[in-house]
There are 2 protein chains.
Amino acid sequence: MSPSSPSTPSPGPLSLEQQICYAMHTTVRAFDAVYRELLAEHGLSYPQYIALMGIAEHGPLTVSRLGELMRLDSGTLSPLLKRMEAAGLVGRTRDPEDERRVLVSATSTGHERIAALRELPQQIAARSGLSREQMLALHETLRTVTDRLDAHS
Amino acid sequence: MSPSSPSTPSPGPLSLEQQICYAMHTTVRAFDAVYRELLAEHGLSYPQYIALMGIAEHGPLTVSRLGELMRLDSGTLSPLLKRMEAAGLVGRTRDPEDERRVLVSATSTGHERIAALRELPQQIAARSGLSREQMLALHETLRTVTDRLDAHS
DNA sequence: GGCAATTAAGTTGTGCGCAATTTGATAGTA
DNA sequence: TACTATCAAATTGCGCACAACTTAATTGCC
């Protein structure tokens, strides 16, 4: 009987290389390295780049709203935003409407930094070697997976 | 002119949600949460699970070999392996052939832990909601992307 | 043999990430 | 009004990750 037969769903312990978590882990490491390289000269880390993009695009927003966007909590965002504030990229002010909230917005320096990175997505796309169709397919698959994983919890 | 016309490759700064790095970041966060939940009762973190799989499968191997497999350096692996040794999951011994090297191997407890996690890949696959074909396609795409990203450096 | 160059792990410092807790502000209710 | 509950952000503690450096062992070359 073939090991891929439908009647043998678990043909022994799955090898590491066959597991999706391993593939994801490996790909993320590779992406990380490339972003690190391309962002270094702009003084941004990969999470900072995503945060700055989100802040610049979605206007002044609260820490928890940014947290929903990035799937990160205040334990991660608070120190990250303080570092970005110290770097002059974002401003943080208490919301006068509700002093519990902190509104984060991009400074002009922050906007300039994002503008200077206008070409980054294309650079990454080029390095990834995926066609536009493959890129869209991957994007769609990632969105589907994320939604499904979320649905369970 | 349509914004997706071939003659307009960069129709203004790309929105965060359209960027592949954002999709990857989001998906990884979602996967992380699920692995964290399923591995908690086994006393393993996600990186420890991958490391233990690799060690159990690829026999006694050096720290640097494991580093190639996981794309991590000694700065990450040394403390991680020490924690796993303290937990009784792996053994570390200097290679008598070359005292610079440290050979890492899974203890019987480590093998048992992996055996107890035999069903994890299926559980993850089920939660991800991808068909076998979609899973294989995603896997293939990830491998391709990783290879291409590596090729550039 | 002696000695510089290389190699393998480990250490230090900084940043990202989460769980659990704390601080401070708002909302609700007696 | 006062008291409790809830909510937002920050803090603490621990683990993962990399860059840069250190330590110790091996190799290569004289």
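Throughout, protein chains are lettered first and strands after them, A, B, ... in sequence-line order, and every chain is numbered starting at 1. The analysis underlying the following values was restricted to heavy atoms, covering all of them including side chains, and did not include hydrogens, waters or symmetry mates. This is a predicted model, so every value here is computed, not measured.
- Rounding to whole angstrom units, CG of residue B:D73 and P of C:dG13 are separated by 17 Å.
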- prompt: Taking it one step at a time, do B:E17 and A:H58 satisfy side-chain hydrogen bond (donor to acceptor under 3.5 Å, both in side chains)?
  reply: CA-CA 11 Å; B:E17 287 81 355; A:H58 296 282; 3.1 Å; yes
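- Distance B:M70 CE to D:dA17 P: 6 Å, rounded to the nearest Å.
- Distance from the side chain of A:H25 is smallest for D:dA17 among the nucleotides D:dT26, C:dA25, D:dA17.
- Between B:R71 and B:D150 the shortest side-chain heavy-atom distance falls below 4.5 Å.
- Just one of B:R100, B:R65, B:R101 meets the salt bridge (Lys or Arg N to Asp or Glu O under 4.0 Å) condition when paired with B:D95; it is B:R101.
- No side-chain heavy atom of A:L103 sits under 4.5 Å from any side-chain heavy atom of A:L61.
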query: How does protein reach along nucleotides 7-12 of chain C, written 5' to 3' as B (base within reach of a heavy atom under 4.0 Å), S (only sugar-phosphate), or - (no contact)?
result: BSSBB-
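- Heavy-atom minimum distance, A:A30 versus B:T146: CB-CG2, 4.1 Å.
- To the nearest angstrom, P of D:dA10 lies 11 Å from CG of A:L66.
- In this entry the distance linking CG of A:D32 with C1' of C:dG17 reads 13 Å, nearest Å.
- Put simply, the side chain of B:L138 reaches to within 4.5 Å of the side chain of A:L138, judged on heavy atoms.
- Look at CD on A:E99: it is 13 Å from P on D:dA10, rounded to the nearest Å.
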message: Working note: B:L66 + B:L72, criterion side-chain contact (heavy atoms from CB on, under 4.5 Å); need CA distance, chi angles, decisive distance, verdict.
response: CA-CA 8 Å; B:L66 180 61; B:L72 297 173; over 6 Å; no
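- Sorted by first and then second residue, the ring-ring contact (aromatic ring centres under 6.0 Å, His included) pairs involving residues 27-57 of chain B (not counting sequence neighbours) are B:Y35-B:Y46.
- Panel note: side chain B:T107, backbone B:G110; a donor-acceptor pair is recorded below 3.5 Å.
- Annotation: proximity of residues 39-57 of chain A to DNA chain D (heavy atom, distance under 4.0 Å) is found for no residue.
- As rounded to whole Å, 10 Å separates atom P of C:dC18 from atom CZ of A:R71.
- OP1 and OP2 of D:dC18 both lie 4.0 Å or more from every side-chain N or O belonging to A:R36.
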